[in-house]
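In what follows, a structure is listed as structure tokens, so that the remarks can point back to it.
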Amino acid sequence: MKVLYVSAELFPLLKTGGLADVSAALPPALSALGADVRVLLPAFAALQAGVTPIGKPVPLPAGVPLAGGPEPHTPPWLHLPPGVGPTPASAGGTAPWLRAGYVSASGQPVLLLHAPGLYEQGDHPYHDAHGHAWANSAERFAWLGWAAALLGAGLDPAWKPDVVHGHDWHTGLAFAYLHALQGDTTPARTAAARAPTRGSHRARRVFTVHNLAYQGVFAPEVRTPLGLPDALFHLQGLEFHGQVSFMKAGLQYSDAITTVSPRYAREITTPEQGCGLDGVLRERQGVLHGILNGVDQAVWNPAADPQVQPGYSANDLSGKALAKARLQRELGLHDSPQSLLCGVVSRLTHQKGLHLLGPLLDDWVARGGQLAVLGSGDADTVQPLADAAQRHPGHIALHLGYDEALAHRLVAGVDVMLVPSLYEPCGLTQLYGLRYGSLPLVRAVGGLADTVTDCSLENLDDGSASGFVFHDFSSEALHAAWRRALALYRRPADWQAVQRHAMGQCFDWASAARATLAVYQPPAPADPSTGTPPAS
């Protein structure tokens, strides 16, 4: 099975969050099961730097205006309907091109989309140094979607994907473009759009939602330069309150939708978590699948992690105490084995619930707690943490920015990983915490609820406990969970029993890859006599 995997990030070359980790781990896991996976990426500088190019650049046909000018040259097996696809002007007047290659460190096959004027500015793929979205964000990711759609429609006759798998809003237009290119019949389509002049190849379309809150919504004026026909701009298409939603395009025009945990797949069909798209997701619930993310065992392994030597395992936890002492010294915290050291590796935003910490920290320090925070984000979340660190030197450490190596040392060195999120599609930090015996303290949402079992008395008794879970999104509920963690920490034998169970949990990418391959398979044809699929 040939899979075109489309993403905006890829660890370790370019990472702003969990999307990069998933994009680094899932393709090789799919390949290990026999899939032929190529990852399509925008040619951001960091991605170019880590990719070895092969072959010659391939020009990417631009969209065809509705009027004025002949159709640009395209391969004979690929026909572009007028009015579909971004114009050269939207890429600064120069048609982008594709270049094949492979990730130098891993050998993963990739396709880089080069577009002068679109991908050069700044180090961050989504916003500038002040946190403002790039002015050409719509064009940046429209071209990524257009490249995916052309490949899915058969641009390369030597490699036609069976599946186009896009991730998050950055890839949403791929599915709208494919819908328009291939003349899929819906009541809103015109006779011209159903004309049999489209490429005959049809890839299955799978769209993954990593975080529904980030939707890629743009003013309706982008429709013309991006070549989005009027037939797509309606309630059942990509129109969202009068604007263009890349996320909604992915939801509406894909064959199957996945998200990154079973519970989150249910939550996003509700008004509370649906971010205005819950109605769309309820309508498409029959093709919505929750597939839990995994942990890359080669990258996150406390026994072999180069940042955590001497390493440790569930059978020998002595190295964890050393990791804690090293982290305390590195961050300027008091060398205090008896202190409950909590850690945060996160975007410091309202979604992550870290503003709940502010009112609690004075009491935590008074009770013997420590806190280590690594991340960056919103000023109203960062400032209370910075103030607390200034009030309590030696007890609270705040490291602004992101440092992958420090993240490993922090996850290994803390006793508790804090993930008190308002919502959390899957979460990887709690999975890393489980793997390293740093017990997660989480709110019961999304993938956090799917992966962490509370240290209640009954769960401690039957050996299923792996962390601390609270429900209400409040400082008071978080504080009560922290006090339970502190109480258990003061019972070392029980604490280590939970650590060993947590470290034995298996959240692997092989399981996620098998579930994803199942989604890639088209549904069985219905029995014409009954209208139902045949029994398996």
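If you're wondering where the values come from, they're calculated on a predicted model, not measured in any experiment.
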Distance only, no hydrogens: is a donor on one side chain within 3.5 Å (strictly under) of an acceptor on the other, for [X] and [Y]?
| X | Y | value |
| --- | --- | --- |
| S23 | E9 | no |
| S137 | R140 | no |
| S466 | Q505 | no |
| R266 | Q273 | no |

Please confirm whether the backbone N or O of [Y] pairs with a side-chain atom of [X], one donor and one acceptor, at under 3.5 Å?
| X | Y | result |
| --- | --- | --- |
| D450 | R263 | yes |
| Q430 | A449 | no |
| D162 | K2 | yes |
| R284 | S254 | yes |
| Q309 | G311 | yes |
| W134 | H124 | yes |
| Q351 | Y423 | yes |
| R435 | N301 | no |
| K160 | A203 | no |
| S438 | V414 | yes |

Please report the shortest heavy-atom distance between [X] and [Y], naming the atom on each side.
| X | Y | result |
| --- | --- | --- |
| L439 | A502 | CD2-CB, 4.0 Å |
| V244 | A219 | CG2-O, 4.3 Å |
| T259 | V209 | OG1-O, 2.7 Å |
| A510 | L33 | O-CD1, 4.3 Å |
| A8 | L41 | C-CD2, 4.4 Å |
| L173 | A249 | CD2-CB, 4.0 Å |

message = So if I apply the ring pair (Phe, Tyr, Trp, His ring centres under 6.0 Å) rule between H114 and each of F44, W97, W143, which one comes out positive?
response =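 Answer to the ring pair (Phe, Tyr, Trp, His ring centres under 6.0 Å) test with H114 among F44, W97, W143: W97.
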Output the distance between atom [atom1] ([X]) and atom [atom2] ([Y]), rounded to the nearest 0.5 Å.
| X | Y | atom1 | atom2 | answer |
| --- | --- | --- | --- | --- |
| D403 | Q307 | CG | CD | 8.0 Å |
| S261 | N293 | OG | CG | 8.5 Å |
| C275 | Y214 | SG | OH | 10.0 Å |
| Y5 | L10 | OH | CG | 8.5 Å |
| L431 | D296 | CG | CG | 12.0 Å |
| T270 | L281 | OG1 | CG | 10.0 Å |

query = Aromatic rings Y253 and H179: how do their planes relate, parallel, tilted or perpendicular, breaks at 30° and 60°?
reply =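 Tilted, since the angle between the ring planes falls between 30° and 60°.
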inquiry  = Using 30° and 60° as the class boundaries, would you call the ring planes of Y126 and W169 parallel, tilted or perpendicular?
reply    =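 Geometry flag for W169 against Y126: tilted rings.
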query = Going through the distances and angles, do L428 and F507 end up as a side chain to side chain contact (heavy atoms under 4.5 Å, CB included)?
reply = CA-CA 10 Å; L428 291 173; F507 299 101; over 6 Å; no
ask   = Should we say atom OH of Y520 is surrounded by more than 12 heavy atoms from elsewhere, each under 6.0 Å from it?
value =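 It does: Y520 OH has more than 12 such atoms within range.
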ask   = Going through the checks in order, is the side chain to side chain contact (heavy atoms under 4.5 Å, CB included) test met by L80 and L150?
value = CA-CA 9 Å; L80 303 185; L150 292 178; 3.8 Å; yes
task = Begin with the C-alpha distance, continue with both residues' side-chain angles, and end with the deciding distance and a verdict on ring pair (Phe, Tyr, Trp, His ring centres under 6.0 Å) for H408 and Y432.
result = CA-CA 9 Å; H408 281 248; Y432 302 151; 7.4 Å; no
inquiry  = Any carboxylate oxygen within less than 4.0 angstrom of a Lys/Arg side-chain nitrogen, looking at R202 and D255?
reply    =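 Judged by the 4.0 Å cut-off on N to carboxylate O distance, R202 and D255 do form a salt bridge.
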message = Can you confirm whether or not the ring centre of F246 sits under 6.0 Å from the ring centre of F141?
response =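 No - the distance between ring centres of F246 and F141 does not fall below the 6.0 Å cut-off.
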4.5 Å side-chain heavy-atom contact, P302 and M503 =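 In short, these two side chains touch, coming nearer than 4.5 Å.
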inquiry  = Walk me through whether L98 and L113 qualify under side chain to side chain contact (heavy atoms under 4.5 Å, CB included).
reply    = CA-CA 5 Å; L98 291 169; L113 173 63; 4.0 Å; yes
ask   = Between F233 and L228, does a side chain to side chain contact (heavy atoms under 4.5 Å, CB included) hold up when you go through it step by step?
value = CA-CA 8 Å; F233 192 70; L228 297 170; over 6 Å; no
